[in-house]
J.: 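Once you've had a glance at the structure underneath, I'll fire off some questions.
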Amino acid sequence: MVCYCAHVLPVPTKTRVVVLQHPRERDKAIGTARIAALCLPGLETVVGVDFERDERVDRLLSDPQAPAMLLYPAADARDLRRDPPAGPITLVVLDGTWSQARNLLRDNPRLQALPRLAFAPDAPSEYRIRREPREDYVSTIEALVNALGLLEGGDPRRFDVLLAPFRAMVERQLAFAAQ
């Protein structure tokens, strides 16, 4: 386990963020959803594999004032750079390996029915301690930094502070591996 607490700064958001996390990812020391939860005060995390009859998930995804949209790459996804939603939304993020995230989506018809959002990252992932299946895929924290920056307008770089604990964790893990 690596302590990156000195790098954690809370960043309030207008966007409600809901992370649906695969159970195998919950206790991963190098997982990035935990960093996001520490940095984003309103973030809600729900751990599981079947969210179809989960009352908490139902409540989180049923706000008509902030409709739920899934951050997930797909051919039919709405491009956040070209066409961001006009009003507040509930940003739903799947957390796990890409295989686990695909399985969560496949096994939850309600998630499949959500409108999808996607973006092309400005740079490749900095998650050098885990391999991404494609060059344009990024970690959960990197996806949140990009998506929130595009959704909330103003200064999109204000979410870059979320990358400080992520980078500290990655560097520390690389240093451990080198020893």
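Any value given below was found using the heavy atoms of this structure, including those in side chains, with hydrogens, waters and symmetry copies removed.
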J.: With the side chain counted from C-beta on, respond yes when V161 and V11 share a heavy-atom pair under 4.5 Å apart, and no when they do not.
T.: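 Yes. Closest side-chain heavy atoms under 4.5 Å.
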J.: Do side-chain atoms of N108 reach the backbone of R110 as a donor and acceptor pair under 3.5 angstrom?
T.: no
J.: Using the rule that two of Ile, Leu, Val, Met, Phe, Trp, Tyr join whenever any of their side-chain heavy atoms come within less than 4.5 Å, decide whether V17 and V47 are in one cluster.
T.: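 They do not share one cluster, since no chain of ILVMFWY contacts under 4.5 Å joins V17 to V47.
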J.: Identify whether the distance between the nearest side-chain nitrogen and carboxylate oxygen of R16 and E44 falls below 4.0 Å.
T.: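 Result for this pair is no, no salt bridge flagged.
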J.: Closest approach of D50 and R53, non-hydrogen atoms and distance?
T.: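 For D50 versus R53, the nearest heavy atoms are OD2-NH2, 3.4 Å.
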J.: Any side-chain donor-acceptor pair under 3.5 Å between T15 and E152?
T.: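 Looking only at side-chain atoms, E152 and T15 do form a donor-acceptor pair, the distance falling under 3.5 Å.
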J.: Going from CG on L144 to CG on L40, what distance comes out if it is rounded to the nearest 0.5 angstrom?
T.: 6.5 Å
J.: If you measure from the Lys or Arg side-chain nitrogens to the Asp or Glu carboxylate oxygens, is any gap between D95 and R26 under 4.0 Å?
T.: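 R26 and D95: not salt-bridged.
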J.: Answer whether the closest heavy-atom distance between the side chains of L91 and L151 falls below 4.5 Å.
T.: yes
J.: Please list, chain by chain and in numerical order, all residues satisfying salt bridge (charged side-chain N to carboxylate O under 4.0 Å, His left out) with R157, sequence neighbours excluded.
T.: D122, D160
J.: Taking the side chain as every heavy atom from C-beta outward, state whether F159 and T13 have any atom pair closer than 4.5 Å.
T.: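 With C-beta onward as the side chain, the pair touches.
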J.: Which is it for V46 and V19 under the side chain to side chain contact (heavy atoms under 4.5 Å, CB included) test, yes or no, and what are the steps along the way?
T.: CA-CA 6 Å; V46 182; V19 173; over 6 Å; no
J.: Would the distance check show the side chain of Q112 and the main-chain N or O of R106 forming a donor-acceptor pair, the cut-off being under 3.5 Å?
T.: yes
J.: Which distance, rounded to the nearest 0.5 Å, do you find between the CG of L163 and the CD of E142?
T.: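 Between L163 CG and E142 CD, I get 6.5 Å after rounding to 0.5 Å.
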J.: Any sub-3.5 Å donor-acceptor pair from T90's side-chain atoms to A68's backbone N or O?
T.: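 Pair absent, no side-chain N/O of T90 close to backbone of A68.
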J.: Are L111 and L94 packed together at the side-chain level, in the sense that at least one heavy-atom pair is separated by less than 4.5 angstrom?
T.: yes
J.: Going by the rule side-chain hydrogen bond (donor to acceptor under 3.5 Å, both in side chains), which residues pair with D107 if we only count those two or more places apart in sequence or in a different chain?
T.: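 Applying side-chain hydrogen bond (donor to acceptor under 3.5 Å, both in side chains) to D107 gives none.
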J.: Nearest 0.5 angstrom please: R116 CZ to L80 CG, how far?
T.: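 R116 atom CZ to L80 atom CG measures 14.0 Å (nearest 0.5 Å).
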J.: Does any non-hydrogen side-chain atom of L61 lie less than 4.5 Å from one of M69?
T.: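 No, too far: nothing below the 4.5 Å cut-off.
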